[in-house]
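Structure first, commentary second.
Note that ligands are numbered from 1 as they come in the structure, with each ligand's atoms numbered from 1 the same way.
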Amino acid sequence: MRHVSDWSLPDGSVLLNFSDNVRGVFERNVQSGDLPESGGVLLGTVHERGLLVTVATTPTRLDRQLRYLFERLPFGHRAVAKRLWRSTGGTTRYIGEWHTHPQDIPTPSAIDLEEWRKLAKARADKRPLLAVIVGRHSLHVELTHGNGRRQLLRPY
Ligand SMILES: [Zn+2]
């Protein structure tokens with residue numbers, strides 16, 4: 001698979017792992033050719049120093065019909081998140097968001113940054129939002145805080 005599984009903050013304070021399952025979802029949705037933009041929510045488990053991302057939801061039918069607006073229609077994805085959170089006794093929880101860009105090395109747009117900040121601010125647990133963009137060659141991975149602070153993660 002082309003995308004790196006292990007990421008960290010430069011100071012090593014946060015380690016992040018994308019499961020094979022999650023990287024498979026990214027891989028299948030890489031925007032090459034005329035594949036539309038795609039995305040969903042990221043779920044996983046939170047540990048003292050790390051995040052294990054174990055589930056990436058994929059676009060629902062509603063998203064596909066309105067594919068350019070999917071970031072504003074996260075209802076189906078929230079339902080999946082809620083169900084998993086319940087069925088795992090609260091260990092698998094919402095961690096963040098992912099979407100694709102038709103760029104080799106993806107960079108967030110101004111709209112992406114604004115959306116992420118809003119989502120981070122809305123989090124009840126006050127944790128930063130994990131924001132991922134899936135490019136054709138690499139991933140953009142960052143933690144966005146409700147106050148607008150951003151922390152870029154690097155391949156580990
Ligand atoms: Zn974007």
Requested in this report: Identify the residue among Asn17, Leu15, Val4, Leu9 that makes a side chain to side chain contact (heavy atoms under 4.5 Å, CB included) with Tyr156.
Outcome: Leu15
Only N/O/S atoms count here: what is the atom of [X] closest to the Zn ion (ligand 1) called?
X: His99; answer: NE2
X: His101; answer: NE2
X: Asp112; answer: OD2

Requested in this report: State the CH2-CD1 distance between Trp116 and Ile111, to the nearest 0.5 angstrom.
Outcome: 12.0 Å
Query - Leu152 atom CG: more than 12 heavy-atom contacts under 6.0 Å - result: yes
Query raised in the report: Which residues pass the side chain to side chain contact (heavy atoms under 4.5 Å, CB included) test with Pro128, sequence neighbours left out?
Result: Leu143, His145
